[in-house]
Amino acid sequence: MIYCVEDDKSIRELMVYTLNASGFDVKGMATGKELFASLPAGDAQLVILDIMLPDEDGISILKKLRKSSSYSDIPVIMATAKGTEYDKVTGLDAGADDYLAKPFGMMEMVSRIKAVLRRCGPGKRPEVLKLSGLVIDPDEHTVSADGELIQLTFKEYELLKTFMESTGKAYSREELLHTVWGTDFTGETRTVDVHIGTLRTKLGKYGDLIKTVRGVGYRMEKSV
């Protein structure tokens with residue numbers, strides 16, 4: 001069962017309709033209170049949680065879910081305001097498994113739900129990614145190099161995570177824009193180059209793992 005917590009009735013009904021048409025069982029609700037009243041049924045596979053809600057904000061609700069021994073493993077996708085990077089980072093730091101930037105397309109929503117369920121289904125938690133001395137802990141949303149924490153921006157973190165999930169794969173700048181910045185991004189591919197540059201610097205010696213592929217884009221090697 002997918003739980004959609006969205007206080008805008010028209011949006012909620014569209015989400016429920018789309019998910020039903022895609023083969024999911026869905027419950028729509030407008031508040032955190034309704035969510036916690038439904039959770040004891042034990043049928044929640046995933047929660048789509050809007051940040052702006054009338055009774056309690058989505059971040060607060062997410063933190064309660066993650067602290068609960070009964071509900072901490074339920075995957076959560078946060079719905080954030082378009083372009084509000086602070087909300088995305090805050091949600092991920094609080095334990096969200098993914099996010100959707102409003103206004104989002106219904107097919108994008110279905111795609112992200114399927115992807116999250118594949119990697120974070122019942123009994124699963126995101127896998128810690130390791131490469132040489134680099135470690136990404138998706139649960140804690142942290143990056144470390146040789147045991148030392150590295151402070152990355154949201155986009156830098158997402159770039160590194162994308163590379164480490166598929167080491168050796170060459171990504172074009174367009175692919176990285178689509179994956180990290182989203183389908184609604186209207187900026188230039190130069191944005192990728194700038195972020196790759198700062199990411200390499202912050203990673204120190206491990207920045208050399210990110211190679212430029214002439215005529216294509218970038219890839220991450222498996223060893224320095």
Side-chain angles (χ1 to χ4, degrees), residues 1-127 137-141 154 157-158 161 179 182-184:
M1 183 71 69
I2 308 296
Y3 287 3
C4 293
V5 189
E6 166 61 62
D7 62 318
D8 187 309
K9 184 178 179 181
S10 60
I11 295 176
R12 185 173 68 250
E13 289 180 346
L14 180 57
M15 292 168 70
V16 170
Y17 174 83
T18 301
L19 289 170
N20 275 326
S22 300
F24 291 102
D25 293 323
V26 193
K27 288 182 182 177
M29 51 203 69
T31 65
K33 184 177 180 180
E34 291 179 66
L35 172 65
F36 284 106
S38 300
L39 285 172
D43 58 355
Q45 292 176 280
L46 180 144
V47 175
I48 301 178
L49 183 59
D50 191 17
I51 283 186
M52 300 300 293
L53 293 169
D55 60 338
E56 184 176 9
D57 70 87
I59 297 296
S60 176
I61 294 170
L62 175 61
K63 289 178 178 179
K64 287 182 179 179
L65 289 172
R66 290 296 174 247
K67 289 179 180 178
S68 168
S69 59
S70 300
Y71 311 130
S72 61
D73 285 341
I74 299 174
V76 176
I77 297 177
M78 300 298 296
T80 70
K82 182 180 180 181
T84 307
E85 185 164 323
Y86 175 79
D87 285 345
K88 299 172 187 176
V89 174
T90 302
L92 291 168
D93 284 346
D97 297 284
D98 202 350
Y99 69 89
L100 283 162
K102 288 185 172 181
F104 52 83
M106 291 297 104
M107 290 303 99
E108 179 188 2
M109 175 188 69
V110 172
S111 177
R112 286 185 179 270
I113 287 173
K114 289 179 178 179
V116 169
L117 287 176
R118 280 196 299 270
R119 70 176 189 264
C120 305
K124 299 179 182 178
R125 295 308 302 156
E127 179 184 359
D137 188 329
D139 247 359
E140 297 183 0
H141 205 257
F154 175 69
Y157 174 91
E158 289 294 304
K161 180 167 168 285
T179 301
T183 56
D184 59 348

Residues passing the side-chain contact (heavy atoms from CB on, under 4.5 Å) test with P54, sequence neighbours excluded, are D7, T31
With T18 via side-chain contact (heavy atoms from CB on, under 4.5 Å) - residues at least two apart:
L14, S22, M106, M107, M109, V110
Which heavy atom of A30 sits nearest a heavy atom of V5, and at what distance?
C-CG1, 4.4 Å
Of all pairs that satisfy salt bridge (Lys or Arg N to Asp or Glu O under 4.0 Å), the ones with a partner from residues 16-36, not counting sequence neighbours
K27-D43
Just verifying a value: how many Å separate L49 CG and L65 CG, rounded to the nearest 0.5 Å?
7.0 Å
Student check: side-chain heavy atoms of V116 and D97 closer than 4.5 Å
yes
Measuring only between side-chain heavy atoms, which start at C-beta, is E6 closer than 4.5 Å to I48?
no
Residues in ring pair (Phe, Tyr, Trp, His ring centres under 6.0 Å) contact with F24, at least two apart in sequence or another chain
none
Given side chains that start at C-beta, do those of S68 and F36 come closer than 4.5 Å, heavy atoms only?
no
Validation row: M29, S38 side chains within 4.5 angstrom (heavy atoms):
yes
Does V47 form a side-chain contact (heavy atoms from CB on, under 4.5 Å) with I77? I'd like the steps, not just the answer.
CA-CA 6 Å; V47 175; I77 297 177; over 6 Å; no
Just checking, R112 and F104: is the charged tip under 6.0 Å from the six-membered ring centre and within 45° of the axis?
no
To check you understand the geometry: which heavy-atom pair defines the closest contact between A96 and M78, and what is its length?
CB-CG, 3.4 Å
Side-chain heavy-atom pair L100, T80 within 4.5 angstrom cut-off:
no
How would you list, by chain and number, every residue that makes a side-chain contact (heavy atoms from CB on, under 4.5 Å) with S60, sequence neighbours excluded?
E56, D57, K64
Worked verdict on I2 versus L46 for side-chain contact (heavy atoms from CB on, under 4.5 Å):
CA-CA 5 Å; I2 308 296; L46 180 144; 3.8 Å; yes
Which heavy-atom pair separates C4 from L19 by the least distance, and what is that distance?
SG-CD1, 3.7 Å
Residues which pass side-chain hydrogen bond (donor to acceptor under 3.5 Å, both in side chains) with S10, listed by chain and number, not counting sequence neighbours:
D8
Heavy-atom distance under 4.5 Å between the side chains of L39 and Y3, does that happen here?
yes
So, taking the atom named CD1 in I51 and the one named NZ in K102, what distance separates them when rounded to the nearest 0.5 Å?
9.0 Å
Results of salt bridge (charged side-chain N to carboxylate O under 4.0 Å, His left out) for R12 - residues two or more places apart only:
none
Using modelled atom types and a 3.5 Å cut-off, is there a donor and acceptor pairing between side-chain atoms of Q45 and backbone atoms of M1?
yes
For the atom pair CD1 (I113) and CG (D98), what is the distance rounded to the nearest 0.5 Å?
10.0 Å
Out of curiosity, Y71 OH to L35 CG, how far, rounded to the nearest 0.5 Å?
9.0 Å
Where do V26 and M15 land on the side-chain contact (heavy atoms from CB on, under 4.5 Å) test, with the steps shown first?
CA-CA 9 Å; V26 193; M15 292 168 70; over 6 Å; no
Minimal heavy-atom distance between S72 and S69, with the atoms involved, is OG-O, 4.2 Å
